[in-house]
Amino acid sequence: MVAPCMFLTYNITMLIYDLDLSDLTQLLNEWNEPAYRAKQIWQGLYQHFYDTPEKFTSLPKSLREKMDSLFDSPIKPKLYLDSSDGQTRKTLFELRDGQVIEAVLMKYDPDTFTGRGRRTLCISTQAGCAMGCVFCATGQMGFKRHLSSGEIIAQVMYYARMLKEQNEVVTNIVLMGMGEPFHNYNNTMEAIDRLNDPDGYKFGARRFTISTVGLVPMIRRFADEKRQVNLAISLHAADDESRVSMLPINKKYKIDDVIEACRYYIAQTGRRVTFEWALIHGVNDTPEVAQKLASRLKGLLCHVNAIPLNPTAGYEGHATDRQRAALFKKALEQAGIPCTIRMKRGIDIQAGCGQLAGAVSS
Ligand code: SAH
Ligand code: SF4
């Protein structure tokens, strides 16, 4: 029997992952259950990754029955694809209203220093995206809706559960899937805070990376909150004319404003900023562009993460080849800006940066 519910909204629109511990405690109070049960449920969710009430075997059956509605299929994994090297898995999830999102797990070989391989999970914060960056498949599909904090968390719990079966854990979470996290600021931060909870999943703030297209007021707010989460900024161009042709948001927030906000962030937090750069042949990959970029970034605690453009259906530009990429990196480094050229991951299953469109086409 489902309990009489004062918190009707929880049953209709919310998932269990949308609740924080105090919400859960309040709900149990409404159900006339002792408060310590909230902690037990919390640990079941975030330490054991239980996904159905039956798995909470230490709880009385009557309470498990009351919990039924809270597990009302938050996100449904519809299908997954593994890359041919077996190192990348993309999962497509259907939300309750039929929207689809994707999350990608990337496994890396053990590094010589720690002997452990990173397990980096890339998650979505919105279905679609309103920012319309021309080379991004998510941008090409337009904005559908924000994800709730619980829908963001559910992607992590799904993979955490899967990795647990292989005696592995997620080591890094990047908010670089579908959507612009700073356009859905509150839900994104709530999700991070909940995943960070020392009594729950305990995922360290420094192991999260948020990537933003450069929403200046939100970068400043993020800086004021002095979070330990890593910040990455999608820059892709060293002058406004070029940037606006790729990233329409640059009409509103110019490169100078973005860099100023980053300077503020660094001053507030002492943390290094990453600038992301999709290398596009003949567009933003010459040593001259690298020099211009270096002069803009001079004196900033930062580095540049460059990745040859991934192909998407709606954009004609081509990826920079290895040789040109190396020259770009060299020019930046000679001008004093550290740069890494990132490996492409999951391209054969359209799981690379900017390729997530909620449709599996291979
Ligand atoms: N909305 C956020 C995070 C999601 S996109 C942002 O834009 O930062 C994650 C990264 O992929 C961003 O740096 C984005 O610019 C980049 N990206 C988008 N399309 C790409 C493509 N086709 N090839 C390579 N990188 C791409
Ligand atoms: Fe949105 Fe980021 Fe894609 Fe731009 S690159 S459309 S901000 S997801």
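Remember, it's 1-based here, ligands and their atoms both numbered in the order they're listed.
Under a 4.0 Å heavy-atom criterion, Ala319 is not in contact with ligand 1. Residue contacts with ligand 1: Ala232 is excluded, as none of its non-hydrogen atoms falls under 4.0 Å.
Nearest-residue assignment for atom 21 (C) of ligand 1 (options Cys353, Gly214, Cys129; heavy-atom criterion): Cys353.
Inspection of the Ser84 and Asp348 side chains reveals an N or O donor paired with an N or O acceptor under 3.5 Å. A donor atom on one side chain and an acceptor atom on the other are not found under 3.5 Å apart for Gln355 and Lys90. Inspection of the Asp18 and Ser148 side chains reveals an N or O donor paired with an N or O acceptor under 3.5 Å.
Residue contacts with ligand 1, taken as heavy atom pairs separated by less than 4.0 Å, do not involve Ile233 at all.
Counting heavy atoms from C-beta on, the side chains of Tyr264 and Asp224 come closer than 4.5 Å. Put simply, the side chain of Thr120 reaches to within 4.5 Å of the side chain of Val174, judged on heavy atoms. Using a 4.5 Å heavy-atom threshold, the side chains of Tyr17 and Tyr46 count as touching.
Among all protein heavy atoms, the one lying closest to atom 15 (O) of ligand 1 is His236 NE2, 2.6 Å. Looking at atom 2 (C) of ligand 1, its nearest protein heavy atom turns out to be Ser211 O, 3.3 Å. Looking only at heavy atoms of the protein, atom 10 (C) of ligand 1 is closest to Glu276 OE2, 4.0 Å. What sits closest to atom 9 (C) of ligand 1 on the protein, heavy atoms only, is Met176 O, 3.6 Å. Nearest non-hydrogen protein atom to atom 23 (N) of ligand 1 is Asn310 N, 2.9 Å. Gly179 O, 2.9 Å is the protein heavy atom nearest to atom 1 (N) of ligand 1. Here the heavy atom of the protein found nearest to atom 19 (N) of ligand 1 is Gly354 CA, 3.1 Å. Atom 4 (C) of ligand 1 has its closest protein heavy atom at Gly177 O, 3.3 Å.
Counting the atoms of ligand 1 from 1 in the order shown, those under 4.0 Å from a heavy atom of Thr212 are 6 (C), 8 (O). Taking every non-hydrogen atom of Cys136 and a distance limit under 4.0 Å, the qualifying atoms of ligand 1 come out as 18 (C), 19 (N).
When Arg272, Arg206, Arg271 are each tested for a side-chain hydrogen bond (donor to acceptor under 3.5 Å, both in side chains) with Asn230, only one passes: Arg271.
No N or O atom of Pro181 sits closer than 3.5 Å to an N or O atom of ligand 1. The shortest N/O to N/O separation between Ser234 and ligand 1 falls below 3.5 Å. An N or O contact shorter than 3.5 Å is missing between Leu309 and ligand 1 by distance.
Ionic pairing of Arg296 and Asp256 is present here: one or more N-O contacts between side-chain nitrogen and carboxylate oxygen are shorter than 4.0 angstrom. We find that Asp193 and Arg227 are joined by a salt bridge, their nearest charged nitrogen and carboxylate oxygen being less than 4.0 Å apart. Looking at Arg161 and Glu165, no side-chain N of the basic residue comes within less than 4.0 Å of a carboxylate O on the acidic one, giving no salt bridge. Of the charged side-chain nitrogens involved, at least one lies within less than 4.0 Å of a carboxylate oxygen, so that Arg194 and Glu190 count as a salt-bridged pair.
Using a distance-only test at 3.5 Å, with no hydrogens or angles considered, no donor-acceptor pair links the side chain of Asn184 to the main chain of Pro181. Lys66 contributes a side-chain N or O that, together with a main-chain N or O of Trp31, makes up a donor-acceptor pair within less than 3.5 Å.
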Identify all side-chain donor-acceptor contacts of residues 126-139 below 3.5 Å with residues at least two apart in sequence or on another chain.
unit_1: Gln126; atom_1: OE1; unit_2: Glu180; atom_2: N; d: 2.9
unit_1: Gln126; atom_1: NE2; unit_2: His146; atom_2: ND1; d: 3.0
unit_1: Gln126; atom_1: NE2; unit_2: His183; atom_2: ND1; d: 2.9
unit_1: Thr138; atom_1: OG1; unit_2: Leu356; atom_2: O; d: 2.5

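Around atom 3 (Fe) of ligand 2, the protein contributes the following N, O or S atoms under 2.8 Å, ordered by chain and number: Cys136 SG.
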